[in-house]
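Presented below is the structure to which this report refers.
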Amino acid sequence: MTNFADLGLSQKVLSAVTDAGYTIPTPIQAGAIPPALQRRDILGIAQTGTGKTASFVLPMLTLLEKGRARARMPRTLILEPTRELAAQVAENFDKYGKNHKLNIALLIGGVSFDEQDRKLERGADVLICTPGRLLDHFERGKLLMSGVEILVIDEADRMLDMGFIPDIERIAKLIPFTRQTLFFSATMPPEIQKLADRFLQNPERVEVARRSSTATTVTQRFVAAHAKDYEKRAVLRDLIRAQDELKNAIIFCNRKKDVADLFRSLDRHGFSVGALHGDMDQRSRMAMLANFKDGNIKLLVASDVAARGLDIPDVSHVFNFDVPIHAEDYVHRIGRTGRAGRSGASFTLVTKRDIKFADAIEKLIGQEVEWLNGDLSELPEPMESHDPVRKDRGRDRHKDRKKDVERSGRGRSDHRSDTAHADSAAELEPVAERAEAVKPERNEDNGRAHNGHNGRNDRPGRAQNAANDDNRDRRNRHRRDHDDGPTPIGFGDDIPAFMLIAGKA
DNA sequence: AAAAAAC
């Protein structure tokens, strides 16, 4: 079996790899590192979780040992589809480049230009970018691409999905054709193959077995649910509580709005929960991810921004609150658990209108997924108290609220915002959600202590409009307490303590 | 039926 020491990496790199505890390269690493060190182009077909990142980071570090960066002329350039992925690659450079004195610049949106610009000025050995921010810097004349020796295009199929290919082509044209290009994609549809043909010269093709389906260590179940959101949320809560060995979990929704809604609901029900989606400001995104990784929050409600590539080790459970529309995404989502041979569990809530997507998933993974409690045909009738068209909202709201307060014995009145926001939240919440909240609950009375924060809820619950408002909201952040509605996960003036900690880190 | 990404 191949050892890292046999791949031709420099001593500096090898010792960092050893310090990180690795001796045996993964197949993509063993296949890609030697030709990359020979300055060959690479066509790497590999999914995340296969060690793909190190397969370009390690040889790049070795190659970068010769030569120095000049001001505004980066020596290498890595393109990533999402900010989190870019940040993660940067972490890899820190980890494996600890014996080097390289200048690494992370150019992503959502954060200030100034620091990025200072790094460019100093001369960057490695630029790790999302396409938009890179082009922004370039258009401001802060950057010359003519010194780039190595170009990495990561997650090319996802870049295609996201419409980044024109940007990628534009960037590639700015870089001398004498460059070395490392091109990675999880899949090779014809468009990607065409792209690869254009970008690569006589590449070494390295393909590792697709995690075609899902790791065999992951238990997969479908769970029949009614389509109403509040009923799905109730099913989800029961499901979460029924798990004996839930260490932490990612809960996927298809839409940002639903991420926001579900997060608020779980938070209100006392779960230790965070949220992650692309319309949140970057600081919150980073803080949420860090806190989830550190175990400060147990549940992370996320859009597909978290489905691929993010290296969150050791997630015990994945819940699909929504069935993904593209079966491929199911594989990626489920791939967040059961990593590195560990066991994991996944549950997918399926409603009647999802059935064709559920079928497509079974077809893709080549196996039938067991239903947890009978299939859709055995679905019980919708719960009666959940009629969302009751007219006497105002009165009932108060009644419900009263019961809610009584239920916990102490009424949670230690939270200054609690009674103040109750009505405004109920106003925009389906009545049923309030009714549902008075059902006896096991877990929640000790809630609210979990994150050491309070007051998160004194924002009016207007998540329905949040997704639409959000871009405007981002620009008007200073005045968003007026009437734009919150960002889906705005904290307003009340920033939870744990986020302040992460912000400093 | 979506999400992701520049200000």
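A note on names: the letters A, B, ... follow the listed sequences, proteins ahead of strands, and every chain is numbered from 1. Remember, it's a predicted structure, so these values are computed and weren't measured experimentally.
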Rounded to whole angstrom units, what separation is found between the [atom1] atom of [X] and the [atom2] atom of [N]?
X: A/D304; N: B/dA5; atom1: CG; atom2: P; result: 12 Å
X: A/F321; N: B/dA2; atom1: CZ; atom2: P; result: 16 Å
X: A/D279; N: B/dA6; atom1: CG; atom2: P; result: 13 Å
X: A/L135; N: B/dA5; atom1: CG; atom2: P; result: 15 Å
X: A/K256; N: B/dA3; atom1: NZ; atom2: P; result: 5 Å
X: A/K356; N: B/dA1; atom1: NZ; atom2: P; result: 10 Å
X: A/D329; N: B/dA4; atom1: CG; atom2: P; result: 12 Å
X: A/K142; N: B/dA6; atom1: NZ; atom2: P; result: 18 Å

Any side-chain N or O of [X] below 4.0 angstrom from OP1/OP2 of [N]?
X: A/K257; N: B/dA3; answer: no
X: A/R158; N: B/dA5; answer: no
X: A/T130; N: B/dA4; answer: no
X: A/R285; N: B/dA5; answer: yes

Contact class for [X] (heavy atom, under 4.0 Å): base, sugar-phosphate, or nothing?
X: A/F164; answer: base
X: A/D354; answer: base
X: A/G110; answer: sugar-phosphate
X: A/D322; answer: nothing
X: A/D136; answer: base

message: Need to verify one output field. Residue with the more 5' nearest nucleotide on DNA chain B, A/I108 or A/R353?
response: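 Counting from the 5' end, the first nearest nucleotide belongs to A/R353.
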From the options [options], select the nucleotide whose nearest atom is closest to the side chain of [X].
X: A/I325; options: B/dA2, B/dA4, B/dA6; result: B/dA2
X: A/E84; options: B/dA1, B/dA5, B/dA2; result: B/dA5
X: A/S303; options: B/dA1, B/dA6, B/dA3; result: B/dA3
X: A/V305; options: B/dA4, B/dA5, B/dA1; result: B/dA4
X: A/R255; options: B/dA6, B/dA2, B/dA5; result: B/dA2

- prompt: Taking 4.0 angstrom as the limit, do A/R179 and A/E149 come out as a salt bridge?
  reply: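 No, A/R179 and A/E149 are not salt-bridged.
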query: Less than 4.0 Å between a side-chain N and a carboxylate O, is that true for A/E155 and A/K52?
result: yes
message: Base of B/dA2, side chain of A/H326 - is there a donor-acceptor contact under 3.5 Å?
response: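 Side chain to base: pair found, below 3.5 Å.
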- prompt: Taking only residues at least two apart or on different chains, which pairs with a member in residues 105-130 of chain A satisfy ring pair (Phe, Tyr, Trp, His ring centres under 6.0 Å)?
  reply: A/F113-A/H137
query: Any side-chain heavy atom of A/Q220 sitting closer than 4.5 Å to one from A/Q367?
result: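 Sidechains of A/Q367 and A/Q220: in contact.
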- prompt: Sequence neighbours excluded, which residues qualify as side-chain hydrogen bond (donor to acceptor under 3.5 Å, both in side chains) partners of A/E362?
  reply: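 A/E362 satisfies side-chain hydrogen bond (donor to acceptor under 3.5 Å, both in side chains) with no residue once adjacent residues are dropped.
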message: Ring centres under 6.0 Å, that's the criterion: do A/F56 and A/F184 meet it?
response: yes
